[in-house]
Amino acid sequence: MTPSPEEFASSVLDWFDQHGRHDLPWQRDPTPYRVWVSEIMLQQTQVSVVIPYFERFMASFPTLADLAAAELDAVLAHWSGLGYYARGRNLHRAAVLIRERHGGVFPEDFAAVESLPGIGRSTAGAILSLACGQRHPILDGNVKRVLARVFGVDGWPGQRAVLAELWRLAECCTPQTRAGSYNQGMMDLGATLCTRTRPDCARCPLAGRCVAQRQGRQRELPAPRPRQELPTRATTLLAIFNPAGEILLERRPPSGIWGGLWSLPETGVPASDSASIADWCQDRFGFRPERVERLAERRHTFSHYHLRIELARIALSAYPARVQDGLGYRWSAPQTIDDLGLPAPIARILVDLSL
DNA sequence: AAGCCGGGGCG
DNA sequence: CGCCCAGGCTT
C-alpha cells in the first residue's frame, strides 16, 4: 500500500543519508546566497552542466554584495550558454533589492524571499529549507515526478487541480525535522533513480509501496504535456564587418527573445534580396554596402516555435559615421565575444564566421 | 526531433 | 487568475 506521510519521509531520509548527493559545490558552505544561485541555475539545467557555471559564478561574485555591485553585462556573460537569460537578470535585480530592502543580508522570512524576482514558492522553500533549516515543501520537476508516481497522481502537472494535489502531498509529506535533507533527498531521488525514462525501481526505497511501480505505469506518470505543432518563423541577421575585421553587434530590446543580450543586427528583409538589404542599411546605419553576400541559413528551435535564421555578410571599406560604440551598438573583435552575454546560436554563428 | 522546466508577465 | 513565454540540454 502507499506509505503514510511519515513512512514516506523517513524512507526518503534514510535513503538520502546512505545514497544521496552530499558533495555538490553548493552543499559545501550552504549559505542562502550560494543555495539561491544554485537553485536558479538548476531550474533550467541539470547538475552536471550547472557545476562549472556555478564555480565560475562564485569565483567572480563570491558574495551577495559582489553580485549586487556587479554590472548586469558581467552577470549575463556568466549566464551565456545557460539560456533563460531573464533569470540572470532577475538574479541581479534581486541582489540589488536585497541590498536596498534588507541591508545586503539574504532574508529568512518566507514571504520576503518569495517576493524577490525570479523566486517563487518552490525556490523560496528550497533556499530556506536547505540553507536555513526551515520546514517548507518544494515542488520542482524531480519532486513532482516522485510524488506523482508513488501516490499515483494522474494528469498533467500543468493542470491546476493536478498541481494543487501535488502541492498538498508535498506539504503533508515534508517532515517536521530535517526538512532540508528530505528536500535534497527528494531531488536526488528524482534525479538519480526516479528518472523520467527507465527509473531504477530495484534500488528505490519506495519499491513495493509505489503506485506506478506496482501497476507498471512508470512510463505514464507523470502525464506529459499535451503537445502542439510548432510554427516556424524566419528572420534575417546581418554580419557586418568594419575595415579592422570587427563585427557589428546590436543590443536587443530588454524583453522578448534574447532580451537585453548582444546579437547581430536583425532585419525582416530576406537575405536573398540584396538591394533591399542595402536600402535597409542605408536607412538604419547611413551607409550603403557595395556587396551583400548571402550565407548558409541556420535553424534554432525554441519551446514554442522553430526559428529559421537567414544570414548575410557585409564587408565595409570605410567606417560609417553613424555607427559608434555605445547607444546599443558596438564593434567587437571575434576574440572578445566571450566577455559578452551572447545567445548560444549567435555565439555559434560568430565562431563560424571567424574561422 | 521532441520533451522538459519554475517563474514572469500579460490580458 | 489562467494562459503564454523562454532556450539549451537530454533522450
Side-chain angles (χ1 to χ4, degrees), chain A residues 35-53 76 78-94 97 113-128 136-148 156-164 166-167 170 183 186-187 190-192 194-199 218-233 235 252-261 263 298-309 341-349:
Chain A
V35 170
W36 170 41
V37 172
S38 74
E39 284 299 321
I40 300 299
M41 290 182 171
L42 289 165
Q43 283 175 10
Q44 65 207 42
T45 311
Q46 295 201 342
V47 166
S48 59
V49 179
V50 159
I51 287 175
Y53 280 91
L76 292 180
H78 285 72
W79 218 260
S80 182
L82 271 176
Y84 281 119
Y85 302 95
R87 292 178 183 174
R89 270 201 307 285
N90 282 336
L91 202 65
H92 184 250
R93 272 178 59 211
L97 281 173
V113 174
E114 195 185 17
S115 76
L116 293 167
I119 301 182
R121 181 178 177 186
S122 185
T123 303
I127 296 168
L128 290 176
H136 300 285
I138 63 170
L139 195 61
D140 72 355
N142 288 320
V143 177
K144 285 175 188 169
R145 194 165 51 250
V146 173
L147 291 176
W156 174 51
Q159 287 182 312
R160 197 166 48 85
V162 178
L163 192 63
L166 290 171
W167 269 116
N183 283 340
M186 286 291 283
M187 293 189 283
T192 63
C194 196
T195 53
R196 191 162 64 88
T197 55
R198 308 173 60 101
Q218 296 97 323
R219 299 294 300 267
E220 299 165 32
L221 296 176
R225 156 199 287 273
R227 74 172 180 85
Q228 60 235 314
E229 178 102 5
L230 297 188
T232 297
R233 301 180 196 173
T235 188
R252 298 190 58 89
S255 63
I257 175 181
W258 303 331
L261 299 195
S263 181
R298 313 180 169 234
R299 301 184 70 86
H300 185 71
T301 299
F302 296 104
S303 55
H304 51 303
Y305 64 93
H306 300 289
L307 183 63
R308 195 164 54 79
I309 301 174
L342 292 176
I346 302 299
R348 274 197 293 274
I349 289 172

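Within every chain, numbering begins at 1; the chains are lettered A, B, ... in the order of the sequence lines, protein sequences first and strands thereafter. The basis for the numbers below is simple: all heavy atoms, side chains too, and nothing from hydrogens, waters or symmetry mates. Bear in mind the structure is a predicted one, so any value in this text is a computation, not a measurement.
Annotation: side-chain hydrogen bond (donor to acceptor under 3.5 Å, both in side chains) contacts of A:E114 (sequence neighbours excluded): none. With sequence neighbours excluded, no residue satisfies salt bridge (Lys or Arg N to Asp or Glu O under 4.0 Å) with A:R233. Under the side-chain hydrogen bond (donor to acceptor under 3.5 Å, both in side chains) criterion, A:N90 pairs with A:R93, not counting sequence neighbours. Contacts of A:T192 classified as side-chain hydrogen bond (donor to acceptor under 3.5 Å, both in side chains), with partners at least two apart in sequence or in another chain: none. In terms of the ring-ring contact (aromatic ring centres under 6.0 Å, His included) criterion, residue partners of A:H136 (sequence neighbours excluded) are, by chain and number, A:F110. Scanning for side chain to side chain contact (heavy atoms under 4.5 Å, CB included) contacts around A:A191 gives A:R21, A:N142, with sequence neighbours left out. Residues satisfying the side chain to side chain contact (heavy atoms under 4.5 Å, CB included) test with A:E220, not counting sequence neighbours, are A:R217. The side chain to side chain contact (heavy atoms under 4.5 Å, CB included) check on A:R348 picks up A:H300, A:A344, A:P345, with sequence neighbours excluded. The side chain to side chain contact (heavy atoms under 4.5 Å, CB included) test applied to A:R252 returns A:I257, A:W258, A:S263, A:E266, not counting sequence neighbours.
A:E220 places its CD atom 16 Å from the P atom of B:dG3, with the value rounded to the nearest Å. Look at CD1 on A:I119: it is 20 Å from P on B:dC5, rounded to the nearest Å. Taking atom CZ of residue A:R121 and atom P of nucleotide B:dC5, one finds them 18 Å apart after rounding to whole Å. B:dG7 atom P lies 13 Å from atom CG of A:L42, rounded to whole Å.
In the set B:dG7, C:dT11, C:dG8, the nucleotide with an atom closest to the side chain of A:T197 is C:dT11. When each of B:dC5, C:dG7, B:dG7 is scored by its nearest atom to the side-chain atoms of A:R145, the top-ranked nucleotide is B:dC5.
Heavy-atom distances under 4.0 Å link DNA chain B to A:Q43 of residues 43-53 of chain A, given in residue order.
Side-chain nitrogen and oxygen atoms of A:T123 include at least one within less than 4.0 Å of the OP1 or OP2 phosphate oxygen of B:dG7. Not one side-chain nitrogen or oxygen of A:Y84 sits closer than 4.0 Å to the OP1 or OP2 atom of B:dG8.
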Tabulated below should be each protein N or O lying under 3.5 Å from an N or O of nucleotides 1-3 of chain C; please produce it.
| residue | atom | partner | partner atom | Å |
| --- | --- | --- | --- | --- |
| C:dG2 | OP1 | A:R160 | NE | 3.1 |

List, with names and distances, any nitrogen or oxygen atoms from the protein found under 3.5 Å away from nitrogen or oxygen atoms belonging to nucleotides 9-11 of chain B.
none

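For the P atoms, the distance from C:dC9 to B:dG8 is 23 Å, rounded to whole Å.
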